[in-house]
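Everything below concerns the one structure shown next.
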Amino acid sequence: MTLWNLGSINADFTYTVPHFPAPGETLPATSLVRGLGGKGANQSVAAARAGADVQHLGAIGPDGDWALEALAGYGVGVGHVARLPDTPTGHALIFVVPDGENAIVLNPCANRAITQARALGWMAHVQKGDTLILQNETDAGAAAASAAREAGARVVYSAAPFEAAAAAEMLPMTDLLIVNAVEAEQLANSLGTAPETLPVPELLVTRGADGATFYDLAQGQQVSVPAPKVTAVDTTGAGDTFAGWFCASRDMGASVAEALAAAAQASALQVTRPGTAAAIPSAAEVAAALAEG
Ligand code: RIB
């Protein structure tokens, strides 16, 4: 089936710095990597590299053709992405410190110029059994999720970057919620509940170097996976890689445990390389690493 991903497309400017800049400090970077990013685009690339049929839904400006070429080069369908004449493509300034942690400043631009009418037009292509993937970096997510549900599709929602109001609107239409540990706490606090009792049928919590846990909240079951031990150079996009790879694996018939293992391995490889989408490994690389154990 098709994974439709209504998600952001960004130009990522990743600066390696000795530490995060303090207020008033001018800090020389030691390197710059420019490339494709955006939580949505990263998830689409991961899902396509895992082998799924992925159609990206989003928007770029007149300066963004390179991003579509990059997405298509990774096997992502880009035939529905809007080219907006008056709004630049989104971009992100990313600072990465020596332990691989990052801080990100976003300028959403075209990602926040997606109308509800356009999103509903996209949803007319969604079929029963397809999956709609969403994050919090674009507009019209709730309208799209509602329409996708009506079409018989499954909705996967990453509440990232965390926004309490957006999450509250999305949860009633969400089949699988994906959050990192910090977002899980933020969401649970905003709803006055515990992370394990969030009101969704399925919950996936990623914990970086501490692995991830999938909760089947309807059945009261959970499956955890450790994170392979690696030396991280840049953790940007690791969660997106996990989410996209997990969704693709499940869509292609993998069990929850198999999908978790593959997604954890893909993320572990991704953080050993600088950059975001370009750092996402191939299916062959993930398979080889899994075989090595
Ligand atoms: O999750 C990482 C992503 O967040 C980056 O690629 C950046 O563009 C922002 O969207």
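As the structure is a prediction and not an experimental result, all values here were calculated from the model. Reckoned from all heavy atoms, side chains included, excluding hydrogens, waters and symmetry mates. In this chain, numbering begins with 1 at the start of the sequence shown. Counting starts at 1 for both ligands and their atoms, in listed order.
- Close approach of ligand 1 to Gly37 is summarised as follows: ligand atoms under 4.0 Å from at least one heavy atom of the residue are 6 (O), 8 (O).
- Checking each of Thr138, Thr87, Asp139 against Asn111 for a side chain to side chain contact (heavy atoms under 4.5 Å, CB included) leaves exactly one that passes, namely Thr138.
- Residue pairs meeting the side-chain hydrogen bond (donor to acceptor under 3.5 Å, both in side chains) criterion with at least one member in residues 66-83, sequence neighbours excluded, are Asp65-Arg83.
- The distance from ligand 1 to the heavy atoms of Gly38 drops below 4.0 Å at these ligand atoms: 5 (C), 6 (O), 7 (C), 8 (O), 10 (O).
- Closest to atom 8 (O) of ligand 1 among all protein heavy atoms lies Asp12 OD1, 2.6 Å.
- In summary, the atoms of ligand 1 found under 4.0 Å from a heavy atom of Ala92, numbered by their order in the structure, are 7 (C), 8 (O).
- To the nearest 0.5 Å, atom CG of residue Asp130 and atom CZ of residue Arg154 are 12.5 Å apart.
- No continuous path of hydrophobic side-chain contacts links Leu176 to Met173 [ILVMFWY only; heavy atoms under 4.5 Å].
- With rounding to the nearest 0.5 angstrom, the CG atom of Asp12 is 11.0 Å from the CG atom of Leu32.
- Within ligand 1, the atoms closer than 4.0 Å to a non-hydrogen atom of Leu106 are 9 (C), 10 (O), numbered from 1 in the order shown.
- The ligand atoms of ligand 1 that sit less than 4.0 angstrom from a heavy atom of Asn10 are 7 (C), 8 (O), 9 (C), 10 (O).
- Distances below 4.0 Å separate heavy atoms of Glu137 from the following atoms of ligand 1: 4 (O), 9 (C), 10 (O).
- The protein atom (non-hydrogen) at minimum distance from atom 4 (O) of ligand 1 is Lys39 NZ, 3.2 Å.
- For atom 2 (C) of ligand 1, the nearest non-hydrogen atom from the set Asn107, Asp240, Asn111 belongs to Asp240.
- Ser158 pairs in a side-chain hydrogen bond (donor to acceptor under 3.5 Å, both in side chains) with only one of the listed residues (Glu137, Gln43, Glu183, Lys39), which is Gln43.
- Annotation: Glu196, atom CD; neighbour count of heavy atoms from other residues, nucleotides and ligands within 6.0 Å is above 12.
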